[in-house]
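A short worksheet on the structure shown next.
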Amino acid sequence: MSPAPVPSVGARIRQARLERGLGLRALAREVGVSASLVSQIETGKSQPSVSTLYAITTALGISVESLFEGRETAAATSEVTVVHALAAFSADPGRRIGPLVTPGEREVLELDSGVVWERLGHVPSTDVDFLLVTYRPGGSSSGSGGLMRHAGTEYGYLTSGELVLTLGFDEQVLRPGDAVCFESATPHRYRNDGAEPAVGVWFVASQSVQ
């Protein structure tokens, strides 16, 4: 069974923006992107990069983990099936909490710039991203090449492929079996310069979001 894609991430971002009374242009200014890109992300016409996703959630005061949650959104007619999918997910707490998450139950976020996140598990009331991360050949956490910063502490373990980590002024090449940990507020970026996918397990413990 294939992993289940995470539905309506853009709609959840839009809901959080509206709850905070922010306009598209105001959010775009805070994030440092165009209002048209924010609009395309909210309508599902475009996927954010890792760095843009963290910038948006930081500006909105929400966690990345919350984008995986089955919160019901104000759905348009075209999103009726999404609401049903979220309701079904919420009605199955064993699947959401674990302890076992099989490959077919993992939710997937397809991000821009060749990055895929698969959620490996979640404990309610925690802001922790427990992810299987894949950087496809040429993939990067930032399509523009910029470094990102966000709240929390980041732990990663690479299982296959090679991944280049830029951390502050240093650059490291991660190979299978290598592990990293650092404060996520340190400017950083990941990219895959190789011909094979780079795959690893990542654990990001965020600070509490009020």
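Keep in mind that what you see is a predicted model, and the values were worked out from it rather than measured. Worth knowing before you read on, the calculation uses all heavy atoms, side chains too, and leaves out hydrogens, waters and symmetry mates.
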Original post:
Do you know which of L158, V173, V180, D178 makes side chain to side chain contact (heavy atoms under 4.5 Å, CB included) with L163?
Top reply: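 Of all the options given, the one that passes is L158.
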Subject >> All pairs passing side chain to side chain donor-acceptor pair (under 3.5 Å) where residues 28-39 contributes a residue, at least two apart >> reply: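 Every pair satisfying side chain to side chain donor-acceptor pair (under 3.5 Å) with a residue in residues 28-39: S34-S36.
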Output all residues satisfying side chain to side chain contact (heavy atoms under 4.5 Å, CB included) with [X], sequence neighbours left out; order by chain, then residue number.
X	value
S160	V199
L147	T166, P187, R189
Y155	T153, C181, F203
P137	N192, P197

Taking distance alone, no hydrogens or angles, what donor-acceptor pairs closer than 3.5 Å link side-chain atoms of residues 54-62 to residues at least two apart or in another chain?
from	atom 1	to	atom 2	distance (Å)
T57	OG1	L53	O	3.1
T57	OG1	Y54	O	3.0
T58	OG1	Y54	O	2.8

With [X] via side-chain hydrogen bond (donor to acceptor under 3.5 Å, both in side chains) - residues at least two apart:
X	value
Y190	E154, W202
R175	E162
S51	S49

**OP:** Report the residues that fulfil ring pair (Phe, Tyr, Trp, His ring centres under 6.0 Å) with Y157, sequence neighbours left out, ordered by chain and then residue number.
**Re:**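 Partners of Y157 by the ring pair (Phe, Tyr, Trp, His ring centres under 6.0 Å) criterion come out as none, since no residue qualifies.
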Subject >> Residues that D193 engages under salt bridge (Lys or Arg N to Asp or Glu O under 4.0 Å), provided they are two or more places apart >> reply: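 Salt bridge (Lys or Arg N to Asp or Glu O under 4.0 Å) check on D193 returns R191.
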**OP:** Return the set of residues passing salt bridge (Lys or Arg N to Asp or Glu O under 4.0 Å) with R136 (not counting sequence neighbours), or none when no residue passes.
**Re:**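 Result, salt bridge (Lys or Arg N to Asp or Glu O under 4.0 Å) vs R136: E110.
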